[in-house]
Asker: 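Pasting in a structure now, in structure tokens, and then I'll have a few things to ask.
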Amino acid sequence: MKFRYAMVCSSNQNRSMEAHCLLKRQGFDVASYGTGAHVKLPGPSLREPNVYEFGTPYKQMFDDLRRKDPELYKRNGILPMLKRNIGVKLAPQRWQENSADGTFDVVFTFEEKVFDMVIEDLHTRDHVLMKSVLVINLEVKDNHEEAAVGARLTLDLCQELEATDSWEEKVDDIISTFERQNRRKIVYSISFY
């Protein structure tokens with residue numbers, strides 16, 4: 001694969017990890033991140049989320065939730081999701097703390113708020129390399145079914161980008177064709193490292 005990809009959602013749990021998992025299986029050079037202040041997972045009620053720090057291993061979250069209420073977290077899909085995540089990487093990572101990971105050619109976000117945070121973060125970094133990065137937002141509801149659909153659409157778009165010599169010259173055509181074929185609106189921007 002020619003390009004290096006980053007998948008970004010709020011907590012680096014569902015949407016970004018579903019896409020990370022699928023792209024990794026397909027041989028893409030991919031990493032994933034979250035932009036939130038903390039990692040939040042659903043709890044017994046909306047007012048009682050499970051909150052973890054970025055860097056807390058997925059296995060530790062899995063064990064914690066299995067100890068708290070195995071039936072609830074199995075039924076709502078959190079334990080299976082964490083099990084998938086354990087097979088992809090050690091722990092959720094925060095986008096704003098990823099500069100040591102190097103640069104990416106394409107960054108996918110799955111929520112407009114996350115897209116804005118990634119763009120803002122890229123604008124505040126020192127642009128010493130003047131290397132372009134394509135940031136694409138594909139709006140995906142934060143549930144397991146939509147995350148799976150979003151990951152497949154992301155894979156399709158990555159394959160289209162990979163088929164070009166240079167995404168800079170073809171991005172407008174690729175995005176408009178994708179939007180027409182999938183009836184999804186894409187927001188994208190070009191930033192720099």
Side-chain angles (χ1 to χ4, degrees), residues 1-37 54 85 88-89 92-142 146-193:
M1 302 295 165
K2 287 187 273 209
F3 301 127
R4 187 158 188 251
Y5 297 88
M7 305 293 131
V8 188
C9 66
S10 187
S11 288
N12 197 199
Q13 288 287 346
N14 186 28
R15 296 165 292 179
S16 62
M17 285 300 288
E18 183 72 30
H20 184 163
C21 183
L22 180 60
L23 267 69
K24 183 179 176 182
R25 278 198 320 260
Q26 296 294 320
F28 284 83
D29 182 0
V30 61
S32 61
Y33 303 93
T35 56
F54 277 95
N85 295 353
V88 175
K89 66 181 196 174
Q93 296 167 273
R94 194 160 184 259
W95 170 263
Q96 295 88 331
E97 298 161 5
N98 80 349
S99 58
D101 293 349
T103 63
F104 295 94
D105 299 293
V106 182
V107 177
F108 276 87
T109 64
F110 302 99
E111 180 179 346
E112 193 172 343
K113 175 181 75 170
V114 173
F115 176 81
D116 293 342
M117 291 175 84
V118 167
I119 295 293
E120 182 181 325
D121 178 69
L122 287 167
H123 285 295
T124 61
R125 295 185 186 195
D126 293 332
H127 300 126
V128 292
L129 300 176
M130 290 314 290
K131 177 188 180 303
S132 59
V133 54
L134 175 62
V135 184
I136 297 172
N137 185 62
L138 173 64
E139 201 67 30
V140 175
K141 264 193 191 141
D142 194 4
E146 285 296 312
V149 170
R152 286 191 298 276
L153 291 171
T154 301
L155 174 62
D156 291 347
L157 204 41
C158 290
Q159 289 170 331
E160 290 296 323
L161 292 167
E162 286 288 328
T164 67
D165 291 330
S166 168
W167 63 256
E168 288 97 336
E169 296 166 16
K170 304 275 188 187
V171 67
D172 293 330
D173 293 338
I174 290 170
I175 297 287
S176 62
T177 300
F178 179 87
E179 287 177 325
R180 203 170 41 255
Q181 289 174 343
N182 296 285
R183 290 186 225 125
R184 293 261 187 154
K185 185 77 179 120
I186 299 279
V187 177
Y188 65 99
S189 180
I190 297 170
S191 193
F192 295 91
Y193 280 104

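Remember, predicted model here, so these are calculated numbers, not experimental data.
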Asker: Enter the distance from Ile186:CD1 to Ile136:CD1 here, rounded to the nearest 0.5 Å.
Answerer: 6.5 Å
Asker: With a cut-off of under 6.0 Å to the ring centre and 45° to the axis, is Lys170 in cation-pi contact with Phe178?
Answerer: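 Checked: cation-pi criterion not met.
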Asker: From Phe3 CZ over to Ser166 OG, what is the distance, rounded to the nearest 0.5 angstrom?
Answerer: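 Result: 6.5 Å between the selected atoms.
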Asker: Atom NZ in Lys185, atom CG in Leu138: separation rounded to 0.5 Å?
Answerer: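 These two atoms lie 12.0 Å from each other.
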Asker: With heavy-atom distances below 4.5 Å as the criterion, would you say the side chains of Cys9 and Asp142 are in contact?
Answerer: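 Of all side-chain heavy-atom pairs linking Asp142 with Cys9, none is under 4.5 Å.
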Asker: Would you say Met7 and Val30 make side-chain contact, with heavy atoms under 4.5 Å?
Answerer: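 Yes, at least one pair of side-chain atoms sits under 4.5 Å.
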Asker: Heavy-atom count around Lys141 NZ within 6.0 Å, excluding the residue itself: above 12?
Answerer: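 Count not over threshold, so no.
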Asker: Taking side chain as C-beta onward, heavy atoms only, is Gln159 less than 4.5 Å from Leu155?
Answerer: yes
Asker: I would like to know whether Ile174 and Trp167 meet side chain to side chain contact (heavy atoms under 4.5 Å, CB included); could you show each step before the answer?
Answerer: CA-CA 9 Å; Ile174 290 170; Trp167 63 256; 5.6 Å; no
Asker: Identify, with sequence neighbours excluded, every residue that meets ring-ring contact (aromatic ring centres under 6.0 Å, His included) alongside Phe110.
Answerer: none
Asker: Going by atom types only, do Asn12 and Gln93 share a side-chain donor-acceptor pair under 3.5 Å?
Answerer: no
Asker: Using every non-hydrogen atom in the two residues, find where Phe54 and Thr35 come nearest and quote the distance to one decimal.
Answerer: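 Closest approach of Phe54 to Thr35: CZ-N, 4.4 Å.
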Asker: Answer whether the closest heavy-atom distance between the side chains of Leu157 and Asn182 falls below 4.5 Å.
Answerer: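 Result no, sub-4.5 Å side-chain heavy-atom pair not found.
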Asker: Before giving the answer on side chain to side chain contact (heavy atoms under 4.5 Å, CB included), spell out for Tyr188 and Asp172 the whole-Å C-alpha distance, their side-chain angles and the decisive distance to 0.1 Å.
Answerer: CA-CA 10 Å; Tyr188 65 99; Asp172 293 330; 2.2 Å; yes
Asker: So which heavy atom on Asn14 is nearest to which on Ala147, and how close?
Answerer: OD1-CB, 3.5 Å
Asker: Supply the atom-to-atom distance Arg184 CZ to Glu139 CD, rounded to the nearest 0.5 angstrom.
Answerer: 9.0 Å
Asker: Take Phe108 and Leu153 through the test side chain to side chain contact (heavy atoms under 4.5 Å, CB included) and record every step on the way to the result.
Answerer: CA-CA 11 Å; Phe108 276 87; Leu153 291 171; over 6 Å; no
Asker: What heavy-atom pair brings Phe28 and Cys158 nearest, and what distance separates the two atoms?
Answerer: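 The answer is CE2-CB, 3.7 Å.
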Asker: Determine yes or no for a side-chain-to-main-chain donor-acceptor pair under 3.5 angstrom, with Lys89 supplying the side chain and His20 the backbone.
Answerer: no
Asker: Show, in sequence, the C-alpha distance, side-chain angles and deciding distance for Val107 and Tyr33, and conclude whether the side chain to side chain contact (heavy atoms under 4.5 Å, CB included) test is met.
Answerer: CA-CA 10 Å; Val107 177; Tyr33 303 93; over 6 Å; no
Asker: State, yes or no, whether a side-chain contact exists between Val187 and Glu112 at a heavy-atom distance under 4.5 Å.
Answerer: no
Asker: Take atom NZ of Lys2 as the centre, draw a 6.0 Å sphere, and report whether it contains more than 12 heavy atoms from other residues, nucleotides or ligands.
Answerer: yes
Asker: So do the side chains of Tyr5 and Thr154 get within less than 4.5 Å of each other, counting heavy atoms only?
Answerer: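 A side-chain contact is absent here, since even the closest heavy-atom pair is not under 4.5 Å.
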Asker: For residues Arg4 and Thr103, determine if any side-chain heavy atom of one lies less than 4.5 Å from a side-chain heavy atom of the other.
Answerer: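 Sidechains of Thr103 and Arg4: no contact.
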Asker: May I ask you to check whether over 12 heavy atoms, not counting those of Glu162, lie within 6.0 Å of atom CD?
Answerer: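 Atom CD in Glu162 is packed in, count exceeds 12.
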Asker: With rounding to the nearest 0.5 Å, note down the distance linking CD in Glu111 to CZ in Arg15.
Answerer: 4.5 Å
Asker: Report, one line per pair, each donor and acceptor closer than 3.5 Å where one atom sits in a side chain of residues 115-123; sequence neighbours left out.
Answerer:
unit_1, atom_1, unit_2, atom_2, d
Asp121, OD2, Trp95, NE1, 2.9
Asp121, OD2, Arg125, NE, 2.8
Asp121, OD2, Arg125, NH2, 2.7

Asker: Provide the closest heavy-atom pair for Glu18 versus Ala151 in the form atom of the first, atom of the second, distance.
Answerer: CG-CB, 3.6 Å
Asker: Are Lys131 and Asp105 within salt-bridge range, i.e. N to O under 4.0 Å?
Answerer: yes
Asker: What's the spacing between Asn85 CG and Met17 CE if we round to 0.5 Å?
Answerer: 4.0 Å
